[in-house]
There are 2 protein chains.
Amino acid sequence: MAKIHTRKNSTQKEVIAKSAALLFKVKGFKASSMRELAEAVGVEAPSLYNHISSKSELLQFICFKVADKFTTHLSMVENSSGIVISKIESFIRFHICMMLENFDEVFVANHEWKHLQEPFLHDFLSQRHNYEKRLVALVEKGINKKELKKQNAYVIVLTILSSVRGLEFWERHKKNINRQILEDTMVDHLLNGILK
Amino acid sequence: MAKIHTRKNSTQKEVIAKSAALLFKVKGFKASSMRELAEAVGVEAPSLYNHISSKSELLQFICFKVADKFTTHLSMVENSSGIVISKIESFIRFHICMMLENFDEVFVANHEWKHLQEPFLHDFLSQRHNYEKRLVALVEKGINKKELKKQNAYVIVLTILSSVRGLEFWERHKKNINRQILEDTMVDHLLNGILK
DNA sequence: CCTACCGATCGGTAGG
DNA sequence: CCTACCGATCGGTAGG
């Protein structure tokens, strides 16, 4: 009985968070009101507070769920066998996949994190910084092993991360182009630029 | 006398817009209050309305100033002589330059345009769409002339635009790396990925 | 889950 | 350029 109660609560929280991600993406965190969110969910605004403690907590929930997924995948890639270049390809394809399949949440994590409250803001930025550092280390490993051209590893990581993030602008054109062509063209462009 | 009055007004409006760009960048448009802006400028909030008509007008002013600069430069590139690849290089370097020298305004135009009111929102998006279309045409011309690999031109434009926009994340690290290295590494990475 | 409601803050105006 | 102020809206609470 207690178990069911808990499960039902967390499910409803996830329903709210899903609506919140869409709303925050479209209007931005600050411009989204709890009354709008309540309407999207189908309840009155005060009822939301039976499932969440604040508007801010919703943003935390969304941002850290996204951050965890990226971190988890990177750990997997790091621990896998294979050459560096195929690890980089795997990480690029995962980013593209996340952009296409969890668009609202990834968008919110990318654009609205600045509205996180401390200590969550610091934690989030620290996680992101650590993520970038691990990617730089991966690229440097590829350079040392002569798999990649000798270039500034940080700039390369910046370029790759930015490019895949740019799929935000993709949404409008989703129907006009095949996903596989998108993914392969992008991977090819990004890898050919750094391959030896 | 009338001339001086006009000039003084427009100057003060530009001072306000400059402070607004910084504020909107740091806190976002919706989270920035006119009282904060007034404090940054050094007056009381109602005094701002002697120089601007609304908070929204400030956002328009910033966004369209940026859009105009990009459009103007692209026209120049299109009308210049030379091979396509050097036109693309010129456009990449101009974007990098804008990111580094008009960071606040470009950031706001990139992130806060969604808060523009109609009909300005429609106008802005239409300008941006037109800009992208002209870039796609340029890349396609390069492909037809066999200067570039045969690939989907839109994905290439998307990748390049996103990469240079990614310099937003650069600011934090400005002091740690030489600007010329940044620019050259990025141009090299992006061009080598599409060169034949 | 709801109705009723509160204190804070917002963009902007009146009037000088 | 200022002081004084307004109506609207916000996130969130009380109480049932």
Side-chain angles (χ1 to χ4, degrees), chain A residues 1 4-24 26-63 108 112-118 120-121, chain B residues 1 4-24 26-63 108 112-118 120-121:
Chain A
M1 185 69 160
I4 290 168
H5 181 68
T6 302
R7 187 139 64 95
K8 200 174 174 190
N9 268 9
S10 78
T11 295
Q12 182 66 349
K13 182 174 175 178
E14 278 158 23
V15 168
I16 293 170
K18 191 81 189 165
S19 284
L22 176 60
L23 186 63
F24 294 170
V26 173
K27 305 198 64 168
F29 177 73
K30 279 285 180 177
S32 300
S33 77
M34 295 306 275
R35 283 152 178 86
E36 284 175 292
L37 177 58
E39 195 183 349
V41 173
V43 296
E44 295 298 318
S47 302
L48 295 171
Y49 291 89
N50 290 311
H51 306 282
I52 58 161
S53 66
S54 68
K55 185 185 179 187
S56 208
E57 193 213 13
L58 274 175
L59 184 62
Q60 291 156 28
F61 187 76
I62 295 166
C63 290
V108 169
E112 307 295 329
W113 57 263
K114 74 170 81 167
H115 299 293
L116 286 169
Q117 291 173 342
E118 295 295 1
F120 303 101
L121 177 61
Chain B
M1 186 70 158
I4 290 169
H5 181 68
T6 303
R7 186 138 62 94
K8 199 173 173 191
N9 268 10
S10 77
T11 295
Q12 182 67 351
K13 181 173 175 179
E14 279 159 22
V15 168
I16 292 170
K18 192 80 189 166
S19 284
L22 176 60
L23 186 63
F24 294 170
V26 173
K27 305 198 65 169
F29 177 73
K30 279 284 181 179
S32 300
S33 77
M34 295 305 275
R35 283 153 178 86
E36 283 175 292
L37 177 58
E39 194 183 348
V41 172
V43 296
E44 294 299 317
S47 302
L48 295 172
Y49 291 89
N50 290 311
H51 305 284
I52 58 161
S53 66
S54 67
K55 185 185 179 186
S56 208
E57 194 213 11
L58 273 175
L59 184 62
Q60 292 156 27
F61 188 76
I62 295 166
C63 289
V108 168
E112 307 296 329
W113 57 263
K114 74 171 78 167
H115 300 292
L116 286 169
Q117 293 173 339
E118 295 296 359
F120 303 101
L121 177 60

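Computation of the quantities below employed the complete heavy-atom set of this structure, encompassing side-chain atoms and omitting hydrogens, waters and symmetry-equivalent molecules. Remember, it's a predicted structure, so these values are computed and weren't measured experimentally.
When rounded to the nearest whole Å, the span between CG of B/Leu37 and P of C/dT9 equals 18 Å. At whole-Å resolution of the value, NE2 in B/His115 and P in C/dC10 are 16 Å apart. Distance, A/Glu36 CD to D/dT9 C1': 11 Å, rounded to whole Å.
Annotation for A/Glu112 and A/Phe24: closest pair OE2-O, 4.1 Å, computed over non-hydrogen atoms. In terms of heavy atoms, B/Ser32 sits closest to B/Lys55 at O-NZ, 2.7 Å. Closest heavy-atom contact between A/Ala21 and A/Val108: O-CG2, 3.4 Å.
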Nucleotide-level pairing of DNA chain D, given in dot-bracket where Watson-Crick and G-U pairs need both distances under 3.5 Å and | marks other strands: ||||||||||||||||
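In this structure, CG in A/Leu58 is found 5.5 Å from CE in A/Met34, a value given to the nearest 0.5 Å. Taking CZ of A/Phe120 as the reference point, atom SG of A/Cys63 lies at 11.5 Å (rounded to 0.5 Å). From A/Lys114, atom NZ reaches atom CG of A/Leu121 across 11.0 Å, with rounding to the nearest 0.5 Å. Atom CG of A/Asn50 is separated from atom NZ of A/Lys13 by 13.0 Å, given to the nearest 0.5 angstrom.
Geometrically, B/Lys30 does not engage A/Phe29 in a cation-pi contact defined by less than 6.0 Å to the ring centre and at most 45° from the axis.
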What N/O pairs connect the protein and nucleotides 11-14 of chain D at under 3.5 Å? Give each pair on its own line.
residue, atom, partner, partner atom, Å
D/dG11, OP1, A/Ser32, O, 3.1
D/dG11, OP1, A/Lys55, NZ, 2.9
D/dG11, OP2, A/Met34, N, 2.9
D/dG11, N7, A/Arg35, NH1, 2.7
D/dG11, O6, A/Arg35, NH2, 2.9
D/dG12, OP2, A/Tyr49, OH, 2.8
D/dG12, OP2, A/Lys55, N, 2.8
D/dG12, O6, A/Arg35, NH2, 3.4

